[in-house]
Each structure stands twice: as structure tokens, then as C-alpha cells.
Trainee: 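Encoded as C-alpha cells, here's the structure I'll be asking about.
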Amino acid sequence: MKKTIVAISTPLGKGAISIVRLSGENAIEIAQKFFMPIGKQKIEHRKMVLGWFDLGEAKEKCMMVYFKSPNSFTGEDVVEFQIHGGTTLTRLIQAKLIEGGARLAENGEFSKRAFENGKISLAEAESIVDEINSESEAELKASLKVASGELFKEIKSIQQDLTTLLAQIEVTMDYPEEDENEVVREDVFNKMTEIKKRLNDILSLSKQKALIKKGINVAIIGKTNVGKSSLLNAIIGENKAIVTDIEGTTRDVVDASIDYNGVRFNFYDTAGIRESQDEVEKIGIEKSKKTAQTADITLLVLDGSENIKEEDERTKKLIKQPYIIVVNKTDKKRVLEKQQNEIEVSAKNKTNIEKLKKEIFEKTIKEEINFNGLATTNERQIEALNEAFNQVEEFFKEKDESLEILSLLIKKVWQSLGKITGETENEDIISLIFSKFCVGK
Ligand SMILES: Nc1nc2c(ncn2[C@@H]2O[C@H](COP(=O)(O)OP(=O)(O)OP(=O)(O)O)[C@@H](O)[C@H]2O)c(=O)[nH]1
Ligand SMILES: [Mg+2]
């Protein structure tokens, strides 16, 4: 018998209501050690009951709701207390329930039980983790899509198709007649071609979304004093980086993120590039170069009020594509000649900052983001899809081999997909997923 678990299910911190949740066979028994309904209310499935929670020295008025097994989130008996009040009170109630025989839940244990009782799929469980941790709107939408189970259904259906193929091959191998053999082979190849396409559709969209999820890295580089730090501050709308008229103000990389159109952009303000004898500055300049080379897009900042300098030219050579030339200080008289692919801004007056953001967005998110396609942004699921896809390719490489070998290769595809649907019965994967949850989920 599994022990009844308890946890605070709402985020810790100040809030009007907190929820403490119990799940397990003894949930009701433990709850009733402390909770007494007011008046003649009965404790029934899915009914809110107002009552007193006995804390020993004091009594607390709160609501209780009971979900009878199997009609609950975990599939077990679940009791939830809605408590008005701060974290101290919530913790006290949790402590009481532990005293009454419950055990503090481990990270993700509620969801793990829901999975074990067939209430949610492995993919759904994982997307709950992503939902808890998601930082931008786009990320949230992607994880909700998985939570709705559509991706899971598709992967499962591919697995079923593979099972059918395996069965077909099995039968043929038992009755090896030449003609029959060829017919089956052709059928298997046609189906595998179709499966390859289905997997590829999911995989390519997933990879694109994963990039969005990780955030797009934007490096801000240029020679000293062109206004890189001022630009970072203007973009994020906050004075994060130090700005002075002294050359070489920024020594280390300063980073800040914004959410634009639901996508996270991480900006990296760097040390101005110039010949320097200063040890610290030299290290900073090295970091600038590295940042410029690893970013998804680079902003090369030039000072519009002066002519192009040798240092500007050298800086430009460090950049890998794609980049945008940002001509800054346009509130002053323009001296710099027109640059290809330029955008004029004034970090000081915050002119054209929105236009710049839009330009960065359009340069990095090439296609219109289509959330209607099936995809996942979960790294482990992408890894499993990748593995499955590679195995399909392996299958096509070996397509002239015996049916026995082909059948083994198809099984491998099935197993890789099982890492998403949970149909490999591999305890390791399951434990890994649930350890990422927070307590109370
Ligand atoms: N007129 C004007 N001055 C600006 C503008 N942007 C920055 N400045 C000034 O230029 C000087 C340098 O600005 P910073 O933002 O520190 O330049 P930086 O490129 O980060 O400099 P380093 O960190 O030393 O490489 C400061 O005096 C800013 O006030 C602008 O758009 N217009
Ligand atoms: Mg700076």
C-alpha cells in the first residue's frame, strides 16, 4: 500500500489562498483527525465543505474538498484544504497532517502517481514540468499543446503502426513464400516512408520551438563609447549596465532578457573592443569576441556622430552572420556615411528602439510561428524523437537486408518512441522526469 502524501500545492509566498493537498488511501481518515465540518454538512465527492481545522491551541476556519478515487488528479483519494492566510498557517496545517500519518511528498510525486494510475501520459507529465518552469508566453503555449495530449496521441499512433508492421513481418517469416515476402517488403517500405515524414514534421518544428524556448541570444558589440551599454538599458527599459563617457567602462559581459512577441531574447552587452594594455580589460575584450561568435544574432554598434574608425572595421570582422548595424547617437549631427543594412537609433532619447526590436525578431524568427503543428520543446523528448528518426534512416540504409534484421530495426524505432509514451517500462526515464517536479505537483 502506498503511503498517503501531503504537500502545499500553491506557490509559496504571499497570496490570498493556499492549498494543501493529501493523496492516498488514508487521505480522508487523516483529514478527519483535524477537520470538523460546520453544521450538518456531509463530506462528499467533489463538494466544498466549510469547517474548522484543529491546530491544537487554535482552530482555523477553512474549506475542504474531497475527490473520491479514481476520480481525482492522482487517481487516489484526494483531499484539498483551501486556507485563507499566510505561509505560516499553511505550513502548520501541513505539519499537522504529517503528524496525522501523511508523508511529505517528493518532487512530482502527485503527478507520478497520476501517471502510474493511468491518469496522465508521460508526455503530459513532462509538459506539466515545463508549464511550471516556463518563462515566456510562447513556451507556455508549446507546453500546453503537449499537455492536451495531441502529440502523445500521434506518437502513440506511430508506435501502433510500427507494431502492425512487426506483426506482419512476423507472420511472413513463419510462412516464407517468395511472392508473399516481396509484397510485405513493399508494404513495409511504404509505411516506413510515411512514418519518416510524420516524425520529421514533429522533429523540425520541435527544434525551432526549442530555440525559441532557450531564448535567442543577441550580442551587442562595438568599440568603446559608442553607446552599447546605453543601448542595452534602452532595450530593457532599465538602467542595468553602467554608462559613463570614460572609454572602457564595461569590463564584463552584462546580460538581460526581454519577452518580445512571446519569445525570450537574451541581450549581452560587452566590453568595447580596442587595443588595451589593461589586464582586466583585455580579458573582457576576449569575452566580447567569444560572445559575438556564439550569439544567434549580433548588433554591431557604431557612433553616428563620427567617422568610421579602424577599430570599427576590426570589430565587424569578428562577427558571424547574421548581424544588424546599429547607428547610435542620431540625436547628434550625422557624420558617419550610410552603412549597408543599418538601423538608426538614439539610445539616449530612446528613438527607434521598438523598430530595432522588431528587426531583431524578424531576422531570427524566420517563419511565422505556427503553434498549430505538433511539437515538443522538452529536450529529452526531442532527443528521443531524434533517436527514432535516426533509426528510421538506419532502416532505409539497410533496406535490402533480411526481414529479420529489418524487424529488429523497426523495434528500435518503437523503443525510442516509447521514451515519450512511457511504453518501454524503463524505470530510469520515469524517475528522471518526476524528479524535476516541485513538491506539491
Ligand atoms: N548623444 C548621445 N550620447 C549617447 C548616446 N548613447 C550613449 N551616449 C553617451 O556615450 C557615452 C558612452 O556610452 P556607453 O553606453 O557607456 O558606451 P559603451 O559603448 O557601453 O562604452 P564602453 O563600455 O566603454 O565600451 C556616454 O557618455 C553616453 O551618455 C546617444 O544615443 N546619444
Ligand atoms: Mg559599456
Side-chain angles (χ1 to χ4, degrees), residues 216-258 260 265-320 322-360 363:
I216 297 186
N217 296 336
V218 188
I220 305 175
I221 71 161
K223 71 176 179 59
T224 51
N225 260 2
V226 290
K228 298 177 296 299
S229 302
S230 307
L231 183 66
L232 176 86
N233 292 344
I235 290 169
I236 65 169
E238 163 188 346
N239 286 334
K240 181 156 185 186
I242 301 170
V243 169
T244 74
D245 57 4
I246 303 162
E247 290 192 23
T249 301
T250 308
R251 297 294 183 92
D252 217 335
V253 178
V254 180
D255 68 293
S257 302
I258 59 162
Y260 185 82
F265 287 87
N266 310 314
F267 287 87
Y268 297 89
D269 171 31
T270 62
I273 290 173
R274 63 167 176 174
E275 286 298 330
S276 170
Q277 297 312 316
D278 185 300
E279 274 308 311
V280 182
E281 194 178 352
K282 276 208 279 197
I283 298 171
I285 292 171
E286 276 316 306
K287 275 198 185 180
S288 305
K289 292 180 181 169
K290 215 168 159 194
T291 309
Q293 279 157 1
T294 52
D296 299 309
I297 186 165
T298 299
L299 305 181
L300 172 65
V301 186
L302 301 176
D303 183 338
S305 69
E306 53 176 48
N307 276 311
I308 199 132
K309 303 268 163 60
E310 204 196 314
E311 275 156 342
D312 293 317
E313 302 282 9
R314 246 187 289 140
T315 310
K316 193 172 169 185
K317 289 207 183 89
L318 297 172
I319 308 175
K320 286 210 311 189
Y323 68 96
I324 298 172
I325 293 185
V326 181
V327 177
N328 189 31
K329 307 197 187 179
T330 49
D331 49 289
K332 294 213 251 177
K333 186 175 175 297
R334 172 104 187 215
V335 176
L336 183 75
E337 63 184 46
K338 181 118 181 113
Q339 304 293 308
Q340 241 186 13
N341 189 24
E342 71 162 40
I343 177 161
E344 287 190 314
V345 303
S346 163
K348 187 180 160 200
N349 294 347
K350 309 216 169 25
T351 325
N352 271 354
I353 300 300
E354 274 311 306
K355 189 175 162 197
L356 176 62
K357 287 184 192 170
K358 190 160 173 266
E359 182 80 12
I360 298 169
K363 274 229 154 71

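Each ligand, and each atom within it, is numbered from 1 in the order the structure gives. Basis for what follows: all heavy atoms, side chains included, without hydrogens, waters or symmetry-related copies.
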Trainee: Does any N or O atom in Lys348 lie less than 3.5 angstrom from one in ligand 1, N or O only?
Mentor: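 Yes, there is a polar N/O contact under 3.5 Å.
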Trainee: Please could you name the atoms of ligand 1 that Ile246 approaches to less than 4.0 Å, counting only its heavy atoms?
Mentor: 24 (O)
Trainee: Tell me whether ligand 1 is touched by Asn233 - counting only heavy atoms on the residue side and a distance under 4.0 Å.
Mentor: no
Trainee: Tell me if a side-chain donor or acceptor on Lys357 pairs with a main-chain N or O of Ile235 at a distance below 3.5 Å.
Mentor: yes
Trainee: Which heavy atom of the protein is the closest neighbour of atom 29 (O) of ligand 1, given with residue, atom name and distance?
Mentor: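 The answer is Val243 CG1, 3.9 Å.
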Trainee: Could you list the atoms of ligand 1 found under 4.0 angstrom from a heavy atom of Thr244?
Mentor: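 Heavy-atom distances to Thr244 below 4.0 Å select 11 (C), 12 (C), 13 (O), 16 (O), 26 (C), 27 (O).
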Trainee: Relative to ligand 1, is Thr249 under 4.0 angstrom through side chain, backbone, both or neither, heavy atoms considered?
Mentor: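 The part of Thr249 near ligand 1 is both the backbone and the side chain.
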Trainee: Quick check: does Lys329 get an N/O under 3.5 Å from an N/O on ligand 1?
Mentor: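 Yes.
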Trainee: For the salt bridge (charged side-chain N to carboxylate O under 4.0 Å, His left out) test, which of Glu310, Glu311, Glu281 pairs with Arg274?
Mentor: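 Testing each of Glu310, Glu311, Glu281 against Arg274, the sole residue satisfying salt bridge (charged side-chain N to carboxylate O under 4.0 Å, His left out) is Glu281.
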Trainee: Considering only heavy atoms from C-beta outward, does the side chain of Lys316 approach that of Ile325 to under 4.5 Å?
Mentor: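 Lys316 reaches Ile325 side chain to side chain.
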Trainee: What part of Lys332, side chain from CB on, backbone N/CA/C/O, both or neither, has a heavy atom under 4.0 Å from ligand 1?
Mentor: side chain
Trainee: Answer yes or no: is there a side-chain heavy-atom contact under 4.5 Å between Lys290 and Val253?
Mentor: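 No; the side chains remain at least 4.5 Å from each other.
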Trainee: Does the N or O separation between Asn349 and ligand 1 drop below 3.5 Å for any pair?
Mentor: no
Trainee: Are any of the N/O atoms in Ala347 less than 3.5 Å from those in ligand 1?
Mentor: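 By distance alone, the answer is yes.
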Trainee: Looking at side-chain heavy atoms only, is the closest gap between Asn328 and Val226 below 4.5 Å?
Mentor: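 In short, these two side chains do not touch, never coming nearer than 4.5 Å.
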Trainee: With a 4.0 Å cut-off, would you call Lys240 and Asp269 a salt bridge?
Mentor: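 Judged by the 4.0 Å cut-off on N to carboxylate O distance, Lys240 and Asp269 do not form a salt bridge.
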Trainee: Which residue and non-hydrogen atom of the protein lie closest to atom 7 (C) of ligand 1, and at what distance in Å?
Mentor: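 Closest protein heavy atom to atom 7 (C) of ligand 1: Ser230 OG, 3.2 Å.
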Trainee: Would you mind running through ligand 1 and noting each atom that sits below 4.0 Å from a heavy atom of Lys228?
Mentor: 15 (O), 17 (O), 18 (P), 19 (O), 20 (O), 21 (O), 22 (P), 25 (O)
Trainee: What is the distance from atom CD1 of Ile273 to atom CD1 of Ile221, rounded to the nearest 0.5 Å?
Mentor: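 That separation rounds to 4.5 Å.
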Trainee: If you define the side chain from C-beta out and look only at heavy atoms, does anything of Glu337 sit under 4.5 Å from Ile308?
Mentor: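 No; the side chains remain at least 4.5 Å from each other.
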Trainee: I want to check something: taking the side chain as every heavy atom from C-beta on, are Gln339 and Asp312 in contact at a cut-off of under 4.5 Å?
Mentor: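 A side-chain contact under 4.5 Å is absent here.
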Trainee: Are the side chains of Ser276 and Ile285 in contact, using a 4.5 Å heavy-atom criterion?
Mentor: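 Yes, side chains in contact.
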Trainee: Find all atoms of ligand 1 within a distance of less than 4.0 Å from any non-hydrogen atom belonging to Gly272, and give their numbers and elements.
Mentor: 25 (O)
Trainee: If you measure from each non-hydrogen atom of Asn225 to ligand 1, which part falls under 4.0 Å: side chain, backbone, both or neither?
Mentor: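 Answer for Asn225: both.
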Trainee: How close does the nearest protein non-hydrogen atom get to atom 6 (N) of ligand 1, and which residue and atom is it?
Mentor: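 Answer, as residue, atom name and distance: Asn328 ND2, 3.2 Å.
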Trainee: State plainly whether the residues Glu279 and Lys282 are in salt-bridge range, i.e. N to O under 4.0 Å.
Mentor: yes
Trainee: I want to check something: taking the side chain as every heavy atom from C-beta on, are Lys228 and Thr250 in contact at a cut-off of under 4.5 Å?
Mentor: no
Trainee: Is Glu359 salt-bridged to Lys363, cutoff N-O under 4.0 Å?
Mentor: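 The answer is yes: the pair qualifies as a salt bridge.
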Trainee: Please confirm whether Gly248 approaches ligand 1 to less than 4.0 Å, judged on its heavy atoms.
Mentor: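 The answer is yes: ligand 1 sits under 4.0 Å from a heavy atom of Gly248.
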Trainee: Is the Mg ion (ligand 2) under 2.8 Å from any N, O or S atom of Ser229?
Mentor: yes
Trainee: Which of the numbered atoms in ligand 1 are below 4.0 angstrom from a heavy atom of Asp331?
Mentor: 1 (N), 2 (C), 30 (C), 31 (O), 32 (N)
Trainee: Report yes if some N/O of Asp269 lies less than 3.5 Å from some N/O of ligand 1; otherwise report no.
Mentor: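 In this structure, Asp269 places no N or O atom under 3.5 Å from an N or O of ligand 1.
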Trainee: Taking both backbone and side chain into account, is any N, O or S atom of Thr224 nearer than 2.8 Å to the Mg ion (ligand 2)?
Mentor: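 Checking the Mg ion (ligand 2) against Thr224, no N, O or S atom falls under 2.8 Å.
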Trainee: For Gly227 and ligand 1, does the shortest N/O to N/O distance drop below 3.5 Å?
Mentor: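 Looking only at distances, the answer is yes, because the N/O contact criterion of under 3.5 Å is met.
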Trainee: Judged on heavy-atom distance to atom 27 (O) of ligand 1, which of Val254, Asp245, Thr250 sits nearest?
Mentor: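 Among Val254, Asp245, Thr250, the closest heavy atom to atom 27 (O) of ligand 1 belongs to Asp245.
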